[in-house]
Amino acid sequence: MSADPVTLSAEEVERAFGGLQALAGVSVEIREGEIVGLIGPNGSGKTTLINVLSGLLRPTAGRVRLGGDDLTGLSPDTVARRGVGRTFQGIRLFPRLTVLENALVAASVNSERGRARRWETRALEALEELGIEQLAWRFAATLAYGDQRRLEIARALALEPRFLLVDEPFAGMNPQESDELIERLRGIRERRGCGLLVVDHDLRVIHELCERVVVLNEGRKIAEGPPGDVYADPKVVEAYVGEKAASRFAVPVPRRPQRNDCEIGGEMG
Ligand code: ADP
Ligand code: MG
């Protein structure tokens, strides 16, 4: 018998929003113990893929599997109980609950496997792993931005996931904060042996953290491999250059003339 690691996989997943094909047949596999990066220009389908993998969105075609189990179409809480945790690109904490209570809510969702270990233990452990245990009694709404991001991850960890999907966890962080979070995510992988899927725009961070990178563009996978190889791939360069060029040459939306424009003597363009 081989002891292959368990995998979370999207198989030929499609997802349409009206006429827009946000995912057009994407296959991705994450093994337990592996850190995989998911990159691609804005609107390429990264968040949609996380939404499909975590059960928030039902795919229009294709399957989601965890090990031998078919997770396609199961509710997000069932998918979470099966071992898939996720964070949100826009932070979604419970602002009027304390930091500890935010983590407790997640720990309590997974009561089946957690019976042997108390919710509080698991919630506190998760806070410690992100270095925010000293904030346990603060209301989530009062946290600094970086701590809110850390709490999002801690809350997902309190579920004891086998796979953790994090959507732009480094957004808005300075380089020191990013480096610290890289170390924390590595530590989580070492201690828990879970698989991580990390979406981010910071290619340096992805290069340092991930063994393997998947690149999406317009709902399709255009490259996959070690970060160094993938970054040099002409298809990837073109996708990113296309995005940069589009923003550089974007025509500014004309502004309606304002009453004050005359007073400062500005010519309307
Ligand atoms: P990314 O995370 O890579 O920036 P998304 O997965 O958020 O991209 O979006 C992929 C495409 O799907 C975009 O064109 C986006 O506008 C569209 N999209 C995403 N979610 C929805 C939705 N709920 N309704 C309609 N269109 C959506
Ligand atoms: Mg996104």
Task: By side-chain contact (heavy atoms from CB on, under 4.5 Å) - contacts of Glu180 (at least two apart) - done: Arg150, Arg184
Heavy atoms, side chains only, cut-off 4.5 Å: are [X] and [Y] in contact?
X: Val64; Y: Leu74; answer: no
X: Leu216; Y: Lys221; answer: yes
X: Val105; Y: Trp119; answer: no
X: Cys210; Y: Val36; answer: no
X: Val6; Y: Phe163; answer: yes
X: Val213; Y: Pro226; answer: no
X: Ser9; Y: Val28; answer: no
X: Glu120; Y: Leu104; answer: yes

Any donor-acceptor pair under 3.5 Å from [X] side chain to [Y] backbone:
X: Glu208; Y: Val205; result: no
X: Ser27; Y: Glu12; result: yes
X: Glu152; Y: Ile91; result: no
X: Arg15; Y: Arg58; result: yes
X: Arg189; Y: Gly33; result: yes
X: Arg122; Y: Ala158; result: yes
X: Glu32; Y: Pro5; result: no
X: Asp200; Y: Asp202; result: yes
X: Arg186; Y: Glu190; result: no
X: Tyr240; Y: Tyr231; result: no

Given the rule that I, L, V, M, F, W and Y join up when any side-chain heavy atoms are under 4.5 Å apart, are [X] and [Y] in one cluster?
X: Val198; Y: Phe88; result: no
X: Leu135; Y: Leu93; result: yes
X: Leu165; Y: Leu181; result: no
X: Leu130; Y: Trp137; result: yes
X: Leu203; Y: Val166; result: yes

How long is the gap from [atom1] on [X] to [atom2] on [Y], to the nearest 0.5 Å?
X: Leu157; Y: Leu151; atom1: CG; atom2: CG; value: 11.0 Å
X: Leu38; Y: Ile206; atom1: CG; atom2: CD1; value: 8.5 Å
X: Ile30; Y: Leu197; atom1: CD1; atom2: CG; value: 4.5 Å
X: Leu23; Y: Gln21; atom1: CG; atom2: CD; value: 8.0 Å
X: Leu100; Y: Arg155; atom1: CG; atom2: CZ; value: 13.0 Å
X: Leu164; Y: Thr87; atom1: CG; atom2: OG1; value: 7.0 Å

Any side-chain donor-acceptor pair under 3.5 Å between [X] and [Y]?
X: Asn217; Y: Ser44; value: no
X: Thr60; Y: Glu14; value: no
X: Arg86; Y: Asn51; value: yes

Does [X] pair with [Y] as a salt bridge, N-O distance under 4.0 Å?
X: Glu11; Y: Arg65; result: yes
X: Asp179; Y: Arg204; result: yes
X: Lys46; Y: Asp167; result: no
X: Glu238; Y: Lys235; result: no

Considering non-hydrogen atoms only, spot the tightest contact between [X] and [Y] and give its length.
X: Phe170; Y: Ser178; result: CE2-O, 3.4 Å
X: Gly219; Y: Val26; result: O-CG2, 3.2 Å
X: Gly85; Y: Leu159; result: CA-CD1, 4.3 Å
X: Gly172; Y: Glu177; result: O-OE1, 4.4 Å
X: Gln148; Y: Ala141; result: NE2-O, 4.0 Å
X: Val79; Y: Gly55; result: CG2-CA, 4.1 Å

Open item on the list: As a quick check of understanding, evaluate side chain to side chain contact (heavy atoms under 4.5 Å, CB included) for Leu71 and Val84, giving each step before the final call.
Closed with: CA-CA 10 Å; Leu71 301 185; Val84 182; 4.3 Å; yes
Open item on the list: Taking atom CD as the centre, does Glu218 end up with more than 12 heavy-atom neighbours from other residues, nucleotides or ligands that are less than 6.0 angstrom away?
Closed with: no
Open item on the list: Check this for me: Arg138, atom CZ, are more than 12 non-hydrogen atoms of other residues, nucleotides or ligands nearer than 6.0 Å?
Closed with: yes
TODO: Please determine which of Asn102, Val99, Ile132 meets the side-chain contact (heavy atoms from CB on, under 4.5 Å) test together with Leu143.
DONE: Val99
Open item on the list: Which residue is it: Glu125, Glu128, Glu129? I am looking for the one with a salt bridge (Lys or Arg N to Asp or Glu O under 4.0 Å) to Arg191.
Closed with: Glu129
- [ ] Have a look at Asp69 and tell me which of Arg63, Arg162, Arg82, Arg81 forms a salt bridge (Lys or Arg N to Asp or Glu O under 4.0 Å) with it.
- [x] Arg82
Task: Partners meeting salt bridge (charged side-chain N to carboxylate O under 4.0 Å, His left out) with Arg149 (sequence neighbours left out) - done: none
Open item on the list: For Arg96, give me all partners under salt bridge (charged side-chain N to carboxylate O under 4.0 Å, His left out), at least two apart in sequence or on another chain.
Closed with: none
